[in-house]
Amino acid sequence: MAEVITADLVDLDLEAGDRHEATRKLAERLVAAGRVTDLDGFLADVRAREAQMPTGIEGGIGIPHARSAHVTEPTLGFGRTAAGVDFGADDGPAHLIFLIAAPEGGGSEHMTILASLARRLVHVSFREALLAAPDQQAVVDLVHKEVLGR
Amino acid sequence: MKIVAVTSCPTGIAHTYMAAEALEEAAKDAGHEIKVETQGAAGAEPLAAEDIAAADAVVFAADVDVRNRERFAGKPLVQTSVKRAINNAGSVLAELEAAAARGPAPAAAGPVAESAPAPATKVDQQAHFGIRLRQWLMTGVSYMIPFVAAGGILIALAFLFGGAEVATKVNGGTFQSVKYAGVTDLSKLVAQAGYAGLLFKIGATSFAMLVPILSGFIAYAMADRPGLVPGIVSGLLASAIGAGFLGGLIGGLIAGAVVIAIKRVKVPRAVAGIMPVVVIPLVSTLIVGGLMIVVVGQPIAAAQRGMTNWLNGLGGTNAILLGILLGLMMAFDMGGPVNKVAYTFGLAGLASGNLKVMAAVMAAGMTPPIGLALATVVRPKLFTRAERVAGEAAWLLGASFITEGAIPFAAGDPIRVIPSLMVGSAVTGALSMAFGATSRAPHGGLWVIGLIGRPLLYVVAIVVGILVTSVCVIAAKSIGRRVPAEGEAEEAVVPRAAPAAS
């Protein structure tokens, strides 16, 4: 089983005008890493989820996500943006953006990792550490430590 | 406070778990114990039954339907969105504390309130009038059903062993030109009417309680304990007048309303102590009894007689139409109020000697669970694992005329399942009426087949309905995209490459 996140899936200086552009830029990294097979198909799936209800939550977080047939491995793409991108949260734009890509009908072992990742996002300490992370590898290490306990 | 919660969101990979974590953290901070069931893509770990039983209150943080929500029936509940649980779990818990303080059931009234737990009612005091009216009636019906089951089956057995004349032997009268004196001294019951007569007498006594229990517990649901006396008395009077179920229903409602009105009257302190024990029962029973005898009893009795005559006069096409209607009603909500109306109609027919309606109602109530059980065997891939397990139990539930066995399927996919069930039950109801099958038993399903008139054709009617139900369910589930319930995804059929947000 591949790692959920690697350094090349992290963008610490994400520049995007809106949430679709932010999602696309992160998704392109997933495509480059071979984890998403069809960029437009995957983005359509993410947008379908986003259309049901915006995925922004308070505390400056956006979580575009989908279970999609175009995903090969459960994957987390991470973007940080100083300017902020609106993800529909009540308290303003998101500065931490997590693109969660899950394969259609993925095994429950994979899903458990994504579930525990989602649980960590609620914790302020985790968010603050991500905001302060100095480089891409630091983000990867942080996720590994917090989510996988290693 | 002990809390149980369910979190659930459309995709089941992010918000479900964030809401769970946020609720757990907030509960820890506030000093509550919480157990959360995450109905997400990683598979739901169901809450233990004992945790639910021990819980003081329930939170649903869900943007989609909570599965198996009937497990939490009767608990103080706060429903909210997953987002609110994530963003502001503290306020959700504060709301929950307030809900728990109000409590789920009406508090016992007056100074006679005892420590003994009051019988449960299904009444939510905050609901709209229409919903509360339904809850009052359902409370009455739910207390009545065991009397129906016990009394009805005993009577049916009495006919089975003692022949059709057993009723006349016990009650007296003329049956097929033979005159029976009737049993006036119960110590001579067995000598005069045999053990079949004994069964009949016990069953008839239980059956005689139907209307008083119905009206008594309708009034109880409305007005708590003080409603019980005027409610039961109004039911007994309704029976005596010949106003039957309808009379009992209206009598119970009047009794509840009268007690509520009396409780509003401000009385001096000295009198307050004897209000619940003496004054309220006395005054309310006098008023309600008077109304029943003088005002409402006779018109209702006339209406009841009219209905009975109409039923008995029904033949041919009209009877089949009635069978279809009753079948549709039986399957519509599987044990809910519409189902109970049809069932009560069957009981009323039974009480007035029309056995065909009862047969049609019972047959139509058996097909939904069995039809679904059959479908899970024929096309297992159309069903989630939980549904296939429910299917195994549904055979027995259906054969025992417990229509509720279909609920797990209908809850998960009502748009496809319920119409399919209604079609099958309508077919069975119509066939049962067309065949002229009869049932002396008010309950029991296939186990009382010995009490069914034209049993072979009756079974044919049921089997045809089962097949129709099964075919309709399979067809409906095959049409369009069937999205398996989250958490079952890993072993259910995966649809075409569609957005996974289910």
Side-chain angles (χ1 to χ4, degrees), chain A residues 37-38 41-59 61-71 74-76 87-91 98-126 147, chain B residues 7-29 36-45 61-64 81-91 385 481 483-502:
Chain A
T37 53
D38 177 348
F42 173 66
L43 287 176
D45 290 346
V46 173
R47 211 166 299 143
R49 167 61 187 86
E50 194 79 24
Q52 288 184 332
M53 187 178 293
T55 59
I57 59 167
E58 286 177 25
I61 295 184
I63 320 163
H65 63 282
R67 280 157 81 188
S68 167
H70 309 298
V71 176
T75 302
L76 173 67
F87 265 87
D90 293 335
D91 68 341
F98 301 85
L99 176 62
I100 302 180
E104 184 79 77
S108 61
E109 200 181 339
H110 293 134
M111 294 304 178
T112 309
I113 294 173
L114 294 181
S116 48
L117 170 72
R119 281 174 172 270
R120 293 313 301 168
L121 293 182
V122 175
H123 292 263
V124 176
S125 61
F126 184 50
V147 177
Chain B
T7 60
S8 180
C9 67
T11 318
I13 61 178
H15 290 76
T16 298
Y17 301 98
M18 296 171 71
E21 186 80 8
L23 285 171
E24 286 171 9
E25 291 295 307
K28 202 161 52 176
D29 290 346
V36 184
E37 175 174 313
T38 49
Q39 294 188 348
E45 182 84 6
D63 293 339
V64 293
S81 65
V82 277
K83 267 205 176 171
R84 174 153 171 252
I86 296 169
N87 290 335
N88 210 340
S91 81
R385 185 169 46 197
R481 190 163 61 97
V483 179
E486 289 176 29
E488 303 282 347
E490 68 276 10
E491 47 94 33
V493 285
V494 177
R496 65 186 171 79
S502 53

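To find a chain, count down the sequence lines: A is the first, B the second, and so on, and within it residues start at 1.
Nearest heavy-atom pair, Ala118(A) versus Ala14(B), reported as atom, atom and distance to 0.1 Å: CB-O, 3.3 Å. Heavy-atom minimum distance, Lys83(B) versus Pro54(A): NZ-O, 2.7 Å.
Here the straight-line distance linking atom CD of Glu25(B) with atom NE2 of His123(A) works out to 4.0 Å at 0.5 Å rounding. One distance of note links CD1 of Ile63(A) with CD1 of Ile86(B); it measures 6.5 Å at 0.5 Å rounding. Atom-to-atom distance recorded for Met18(B):CE and Leu117(A):CG is 9.0 Å, nearest 0.5 angstrom.
Contact of Ser116(A) with chain B is not made at all, since no heavy-atom distance falls under 4.5 Å.
When side chains are defined from C-beta on, Asn88(B) does not count as touching Glu58(A), because their heavy atoms never get closer than 4.5 Å.
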* **Step-by-step side chain to side chain contact (heavy atoms under 4.5 Å, CB included) determination, Val122(A) to Glu24(B)** => CA-CA 11 Å; Val122(A) 175; Glu24(B) 286 171 9; over 6 Å; no
